[in-house]
Amino acid sequence: MNRAFIVATLSFLALSCLAGSSAAALAACVPDQHRSFICGNGKDAIRVFPETISPSGKLAFGWRTSEGLSTGQAEPPGDVENVLIRLPDGAVLGRLGGTYWATGEMRANRYDLIAAWSPDSRAVVEVANSRWDTDSFRFYAVGDPDVVTLNLHDLVEQAVRAKTPQRAGKGRVFRVREDLPVKLDADGRLRFAAILFKPKSEEPALGFRLELMIKTVKSSAAARVISMQPAKLPD
C-alpha cells in the first residue's frame, strides 16, 4: 500500500482523537478507492494527489474544477485548478500554479506535478510541467494562518540564460527536470536540475545543477542562486 496513504490516514485518526471530533474530521477528507482522498462534496470537491502528501501527513496538493470532479475515464468538466489543502479539515490554504489532474484511472496527458517538501512540512516547492514547459515553479511557506508564496521560475530561468551564450540559448525552452531529484532542506536550501532544450530537436539539452537559498521572514520570502554549474544530465 502507498506509504503516503498510510501516513495520512494515521494522521487523520490521531488529529481526530486529539480534537475529540473524529466524525467531523473524517467527513472533510475521506479515502477513495484509488488510495487517495476526496475533500468536500459536489462542486466544491477536491481530489488529493497522494504522491504529494507532506511528511507530516497533514498537507497535500489537490485539484478541483468549478463544475466538480470527474471520475473513472472522464475528463474534468471544467477548468482545472490545483490547490494546497490541509487534510484534517479539508481547508484550502492557497491556489497553486499548475493545472494537473488525475482521477485514479486517468490523468492529464503529458503533464507532471511534484511536491518537494521540507522535512518539517513547513515549506514545499511545486514543479508543474506540461509537454515542453515548466508552467509553475514556486515555493510555499505554510504558516499559521498565512501561506507565503514565491515564484522561482523567472529567477532561475534568467540565471540559466545569463550563464548561456546568447547564440547557444536561442530557440531553447527552459524546464525544471521533475524526473530528477528536487530537494528542499529545512533551512531553505533547494537543490534541483534544469535544462534549456529545443523541442522536437536532436540537439542535446544544456543542463545545469542549481542550489537556491530561500528565506522567509514574516509574510514575505526571497531567494537567491548560491550555486549553478553546467552539467551533463541523464536523458
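Atoms considered below: every heavy atom in the structure, side chains included; atoms not considered: hydrogens, waters and symmetry mates. Index from 1, following the sequence. Being a predicted model, the structure only gives us computed values, none of them experimental.
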Practice task
Test L210 against M228 for side-chain contact (heavy atoms from CB on, under 4.5 Å), laying out the working first.
Solution key: CA-CA 4 Å; L210 299 100; M228 179 171 56; 3.6 Å; yes
Exercise for the section: Can you see which heavy atom on A186 is nearest to which on P119, and at what distance? Expected result: N-CD, 3.6 Å
Practice task
Verify, without hydrogens or angle tests, whether D185 (side chain) and D187 (backbone) share a donor-acceptor contact under 3.5 angstrom.
Solution key: no
Exercise for the section: Decide if atom CZ of R131 counts as having more than 12 heavy atoms of other residues, nucleotides or ligands within a radius under 6.0 Å. Expected result: yes
Handout entry: Donor-acceptor contact present, side-chain S118 to main-chain A123, <3.5 Å
Key = yes
Practice task
May I ask you to check whether over 12 heavy atoms, not counting those of R122, lie within 6.0 Å of atom CZ?
Solution key: no
Problem - Test item: T164 side-chain N/O and G169 main-chain N/O as donor-acceptor pair under 3.5 Å - result: no
Fill in the blank from the handout: Note: R209 and P234 closest approach over all heavy atoms is NH2-CD, 4.4 Å
Completion exercise
In short, R175 meets N129 closest at the heavy-atom pair NH2-CB, 3.4 Å
Fill in the blank from the handout: Of all heavy-atom pairs linking W117 and P55, the shortest is CB-CD, 3.5 Å
Handout entry: Single-linkage hydrophobic cluster, 4.5 Å side-chain cutoff, L233 and I114 together
Key = no
Exercise for the section: Would you indicate whether the side-chain heavy atoms of W101 and T65 approach each other to under 4.5 Å? Expected result: no
Exercise for the section: Identify whether V148 and V125 are in the same connected component of the hydrophobic contact network (ILVMFWY, side-chain heavy atoms under 4.5 Å). Expected result: no
Problem - Which atom of L184 lies closest to which atom of A116, heavy atoms considered - result: CD2-O, 3.7 Å
Handout entry: Heavy-atom check, side chain of P181 versus side chain of R191, under 4.5 Å
Key = no
Exercise for the section: Please check if V225 and V176 belong to a single hydrophobic cluster, counting links between Ile, Leu, Val, Met, Phe, Trp and Tyr side chain heavy atoms closer than 4.5 Å. Expected result: yes
Problem - Note, L152 side chain near L190 side chain (heavy atom, < 4.5 Å) - result: yes
Handout entry: Rounded distance (nearest 0.5 Å) linking atom OG1 of T134 with atom NE2 of H153
Key = 5.5 Å
Exercise for the section: Go through the steps to decide whether V127 and F192 satisfy the test side-chain contact (heavy atoms from CB on, under 4.5 Å), and finish with yes or no. Expected result: CA-CA 11 Å; V127 181; F192 61 98; over 6 Å; no
Exercise for the section: Please tell me if the side chains of S220 and K218 come closer than 4.5 Å, counting only heavy atoms from C-beta onward. Expected result: no
Handout entry: Heavy-atom donor-acceptor pair, R47 side chain to A102 backbone, under 3.5 Å
Key = yes
Exercise for the section: Could you tell me whether the side chain of S219 reaches within less than 4.5 Å of the side chain of D146, counting heavy atoms only? Expected result: no
Practice task
Say whether, by atom type as modelled, one donor and one acceptor occur between the side chain of T103 and the main chain of G72 under 3.5 angstrom.
Solution key: yes
Exercise for the section: Measure the CZ-CZ distance between R177 and F208 for me, rounded to the nearest 0.5 Å. Expected result: 13.0 Å
Handout entry: Note: R107-D112 ion pair, threshold 4.0 Å (strictly below)
Key = yes
Exercise for the section: With W63 as reference, evaluate L69, L113, I46 under the side-chain contact (heavy atoms from CB on, under 4.5 Å) test and give the passing residue. Expected result: L69
Fill in the blank from the handout: CG (L150) and CZ (R138) are apart, to the nearest 0.5 Å, by 10.0 Å
Practice task
For K43 and S66, work out which heavy atoms get closest and say how close.
Solution key: CD-O, 3.6 Å
Exercise for the section: Determine whether V147 and L84 make a side-chain contact, defined as any pair of heavy atoms from C-beta on separated by less than 4.5 Å. Expected result: yes
Practice task
Take atom CD of Q73 as the centre, draw a 6.0 Å sphere, and report whether it contains more than 12 heavy atoms from other residues, nucleotides or ligands.
Solution key: yes
Practice task
Quick one: sort the W132 and F197 rings into parallel, tilted or perpendicular, breaks at 30° and 60°.
Solution key: tilted
Exercise for the section: Supply the atom-to-atom distance R172 CZ to R161 CZ, rounded to the nearest 0.5 angstrom. Expected result: 9.5 Å
Exercise for the section: May I ask whether Y140 and F49 are part of the same hydrophobic cluster, defined by side-chain heavy atoms of I, L, V, M, F, W, Y residues being less than 4.5 angstrom apart, directly or through others? Expected result: yes
Exercise for the section: Compute the centroid of each ring, for Y100 and then for F61, and state whether the two points are separated by less than 6.0 Å. Expected result: no
Problem - Residues F137, L155; criterion side-chain contact (heavy atoms from CB on, under 4.5 Å); working and verdict - result: CA-CA 10 Å; F137 183 37; L155 168 70; over 6 Å; no
Handout entry: Residue D154 excluded, over 12 heavy atoms near CG under 6.0 Å
Key = yes
Problem - Beyond-backbone contact of V124 with S54, side-chain heavy atoms, under 4.5 angstrom - result: no
Practice task
State, with a plain yes or no, whether a side-chain heavy atom of L96 is found less than 4.5 Å away from one of S136.
Solution key: no
Exercise for the section: Any chance you could measure I226, atom CD1, to E211, atom CD, to the nearest 0.5 Å? Expected result: 5.0 Å
Problem - E105 CD: over 12 foreign heavy atoms closer than 6.0 Å - result: yes
Practice task
Carefully, step by step, assess L212 and F139 under the rule side-chain contact (heavy atoms from CB on, under 4.5 Å).
Solution key: CA-CA 11 Å; L212 304 185; F139 168 84; over 6 Å; no
Fill in the blank from the handout: Distance col, row N151:CG vs E126:CD, nearest 0.5 angstrom, shows 10.0 Å
